[in-house]
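First up is the structure itself, then whatever we jot down about it.
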Amino acid sequence: MSIFQNARFYTTVNHMKDLPATRAEVAFVGRSNAGKSSAINTLANRTRLAYVSKTPGRTQHINFFELGEECFLVDLPGYGYAEVPEAVRAHWVELLGRYLQTRQSLIGLLLIMDARHPLKELDRRMLDFFRETGRPVHILLSKADKLSRQEQAKVLALVKRELADYPAVSVQMFSSLKKAGVDEVEQVVKGWFDALPPVDEPQQEL
């Protein structure tokens, strides 16, 4: 069974002090219009687990989705063209930055990019920013259904070539509409969770 199948909403926070205690987290991040919420819903095989809006930037907090065994998916605020007041934007930047660089239970990042417009400046900044943590990044080139197979192969090869100097970064094509690439994402994320040390079992009294 899919590790995402039983995902359920757990909590939403707007300040670092309110982050829950967790064993492990895999976070989704991307430009405000890259299809991040749609990707989460597709992976979980749900329609409204994560809120999907035609208005970029609706994810304004850090949203946690429980998978079981103290493991979580985390939906982070999108970056880019969100039309929000500057004070709100500044808060997002600080919250996002502090979470990505200081969250001890964050074991990997799923970075969503529109396959038609990959590796924009903000995407590259995100990769460089997170690179300092030494943790892995898996890129989902979303909306792949908008491209022909030939175009997909060309874009995938281009992105891989551009990221040759990032050994901790992997990349794949993904389509929420066609549910294409789901198994590949699952394999990567399952590998991250499987690499965790086992949960301590309570010792029996003699």
Side-chain angles (χ1 to χ4, degrees), residues 2 4 7 26-60 62-63 65 73-84 88-89 92-93 96-97 100 108-131 135-189 192:
S2 167
F4 303 116
V26 170
F28 288 79
V29 70
R31 295 175 62 84
S32 298
N33 55 352
K36 180 164 53 67
S37 295
S38 295
I40 294 173
N41 288 334
T42 296
L43 290 170
N45 197 26
R46 307 274 279 283
T47 55
R48 295 184 63 83
L49 183 65
Y51 184 78
V52 179
S53 172
K54 293 182 180 179
T55 304
R58 288 300 297 266
T59 303
Q60 300 181 10
I62 297 179
N63 296 313
F65 301 95
L73 297 180
V74 182
D75 187 12
L76 300 176
Y79 52 83
Y81 296 113
E83 296 180 0
V84 296
V88 175
R89 187 192 305 275
W92 286 4
V93 171
L96 193 62
L100 289 172
L109 195 66
L110 292 173
L111 175 54
I112 316 299
M113 299 183 194
D114 189 324
R116 299 166 297 177
H117 313 287
L119 293 175
K120 292 290 188 180
E121 181 183 356
L122 290 176
D123 297 324
R124 292 179 183 273
R125 286 189 194 177
M126 176 59 68
L127 286 169
D128 288 336
F129 184 76
F130 193 69
R131 187 179 192 174
R135 294 166 183 159
V137 178
H138 188 60
I139 296 173
L140 276 60
L141 296 173
S142 67
K143 306 181 184 181
D145 52 278
K146 305 291 186 183
L147 303 175
S148 68
R149 287 187 177 274
Q150 185 176 10
E151 289 171 331
Q152 288 182 30
K154 184 177 179 180
V155 170
L156 186 60
L158 172 65
V159 173
K160 286 182 176 180
R161 187 164 61 248
E162 289 284 318
L163 298 176
D165 293 333
Y166 292 78
V169 177
S170 53
V171 58
Q172 69 164 94
M173 282 289 168
F174 186 84
S175 170
S176 295
L177 182 64
K178 301 291 186 181
K179 297 186 177 181
V182 172
D183 290 344
E184 190 174 346
V185 183
E186 166 134 359
Q187 185 176 6
V188 170
V189 174
W192 291 347

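Each residue takes its place number in the sequence, starting with 1. This structure is a prediction, so every number in the text was calculated from the model and none was measured.
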What I'd like to find out is whether the side chain of Ser176 reaches to under 4.5 Å of the side chain of Phe174, using heavy atoms alone.
yes

Mind jotting down which residue pairs meet the side chain to side chain donor-acceptor pair (under 3.5 Å) criterion with at least one end in residues 136-146? Sequence neighbours excluded, please.
His138-Ser170, His138-Gln172, Asp145-Ser175

Results of side chain to side chain donor-acceptor pair (under 3.5 Å) for Lys160 - residues two or more places apart only:
none

Are side-chain heavy atoms of Leu43 and Phe28 found at a separation under 4.5 Å?
yes

Shortest non-hydrogen contact between Met126 and Tyr79, atoms and distance
CE-CE2, 3.7 Å

For Gln187, I'd like to know if atom CD has over 12 heavy atoms of other residues, nucleotides or ligands within 6.0 Å.
no

Which residues pass the side chain to side chain contact (heavy atoms under 4.5 Å, CB included) test with Tyr166, not counting sequence neighbours?
Leu127, Asp128, Arg131, Leu163, Val169

Distance (rounded to the nearest 0.5 Å) between Leu111 CG and Ile139 CD1
5.0 Å

Under the side chain to side chain donor-acceptor pair (under 3.5 Å) test, residues paired with Glu184 that sit two or more places apart:
none

Could you give the distance from CG (Leu73) to CG (Asn63), rounded to the nearest 0.5 Å?
11.5 Å

Just jot down the side chain to side chain contact (heavy atoms under 4.5 Å, CB included) partners of Pro118, sequence neighbours excluded, or say none.
Met113, Leu141, Val155, Val159

Drop me the distance from Ile40's CD1 to Asp75's CG, to the nearest 0.5 angstrom.
3.5 Å

Looking only at heavy atoms, the pair that brings Leu109 and Trp192 closest together is O-CH2, 3.6 Å

How many angstroms lie between atom CG of Asn41 and atom NZ of Lys36, to the nearest 0.5 angstrom?
11.0 Å

Over all atoms of both residues, closest heavy-atom pair of Ala27 and Leu76
CB-CD1, 3.8 Å

Listed once per pair and sorted, the salt bridge (Lys or Arg N to Asp or Glu O under 4.0 Å) pairs that draw on residues 115-124, sequence neighbours left out:
Asp114-Arg116, Glu121-Arg125, Arg124-Glu162

Taking every heavy atom of Ala144 against every heavy atom of Met173, the minimum-distance pair comes out as CB-SD, 3.7 Å

Of all the heavy-atom pairs spanning Asn45 and Lys179, show the shortest one and how long it is.
OD1-NZ, 3.4 Å

